[in-house]
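Quick notes on the structure that follows.
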Amino acid sequence: MTGKSKKEIEMDFSRAINQAQELEHLADDLSRAANSGVEAALLVLMNSWRGDAARSMELASRSTTAEIYRTADDLMRIARNIRSTADIVYRAEKAAADICF
């Protein structure tokens with residue numbers, strides 16, 4: 001069984017870090033959307049609707065906003081895990097490559 005070349009190890013690590021960065025950007029975009037876009041839409045709804053239906057819509061909107069924030073947090077956590085795992089694998093593969101070469 002042959003191991004990966006040093007170049008392959010570097011490329012795999014770089015790909016993992018790029019994927020983590022993409023997730024972080026997506027999480028940032030989701031947070032911004034929840035912070036500005038959803039809140040602005042909620043304000044328009046609250047100013048337009050009155051009564052029980054308005055209250056139900058407000059609660060549903062706030063729940064949706066909270067879920068978007070949770071999703072953004074989950075994406076950030078996944079990105080951190082990818083970075084951490086990539087670092088561990090990178091170090092192990094580099095050590096193995098140094099032993100083999």
Side-chain angles (χ1 to χ4, degrees):
M1 179 173 145
T2 60
K4 292 181 181 178
S5 71
K6 290 183 180 186
K7 183 174 180 154
E8 290 172 317
I9 293 167
E10 295 291 336
M11 288 173 48
D12 287 349
F13 180 72
S14 179
R15 271 194 296 266
I17 296 305
N18 287 338
Q19 289 173 343
Q21 287 173 337
E22 286 180 34
L23 287 176
E24 289 165 345
H25 291 304
L26 180 56
D28 287 341
D29 290 346
L30 279 174
S31 292
R32 272 193 298 281
N35 192 31
S36 60
V38 175
E39 289 296 324
L42 179 58
L43 184 60
V44 168
L45 283 172
M46 288 173 30
N47 288 333
S48 300
W49 282 11
R50 300 285 179 237
D52 292 339
R55 181 69 179 143
S56 294
M57 179 57 79
E58 178 185 0
L59 292 174
S61 298
R62 295 211 184 278
S63 175
T64 300
T65 301
E67 184 62 30
I68 292 170
Y69 281 124
R70 280 192 295 275
T71 300
D73 288 344
D74 288 345
L75 289 174
M76 282 295 205
R77 192 171 23 263
I78 291 167
R80 282 192 304 272
N81 288 341
I82 289 172
R83 285 180 184 281
S84 176
T85 302
D87 187 56
I88 292 166
V89 170
Y90 175 77
R91 290 171 189 261
E93 288 181 337
K94 286 290 274 191
D98 287 343
I99 291 170
C100 292
F101 290 110

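Residues: numbered from 1 along the sequence shown.
Of all the heavy atoms in Met76 and Asp28, the pair that sits closest is CE-OD1, 3.3 Å. The nearest pair of heavy atoms linking Ala20 to Ala79 is O-CB, 3.5 Å. Considering every non-hydrogen atom in both Ile9 and Glu93, the closest pair reads CD1-O, 3.4 Å.
Atom CZ of Arg77 and atom CG of Leu75 lie 9.5 Å apart (nearest 0.5 Å). To the nearest 0.5 Å, atom CD1 of residue Ile82 and atom CG of residue Leu23 are 5.0 Å apart. With values rounded to the nearest 0.5 angstrom, Arg15 atom CZ is found 9.5 Å from Asn18 atom CG. Taking CG of Leu30 as the start and CZ of Arg70 as the end, the distance is 13.0 Å to the nearest 0.5 Å.
At distances below 3.5 Å, not a single donor-acceptor pair connects side-chain atoms of Ser63 with backbone N or O atoms of Leu59. Distance alone, capped at 3.5 Å, places no donor-acceptor pair between the Ser84 side chain and the Arg80 backbone. Within the 3.5 Å criterion, the main-chain N or O of Glu10 finds no donor-acceptor partner in the side chain of Ser14.
Under the 4.5 Å side-chain criterion, counting only non-hydrogen atoms from C-beta, Gln21 is in contact with Arg83.
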Practice task
Would you sort out whether Asp87 and Arg91 count as a salt bridge (Lys or Arg N to Asp or Glu O under 4.0 Å), showing the intermediate values?
Solution key: CA-CA 6 Å; Asp87 187 56; Arg91 290 171 189 261; 3.0 Å; yes
Handout entry: Phe13 vs Ile17, side-chain contact (heavy atoms from CB on, under 4.5 Å): CA-CA, chis, key distance, verdict
Key = CA-CA 6 Å; Phe13 180 72; Ile17 296 305; 3.8 Å; yes
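Not counting sequence neighbours, the partners of Asn35 by the side chain to side chain contact (heavy atoms under 4.5 Å, CB included) test are Tyr69.
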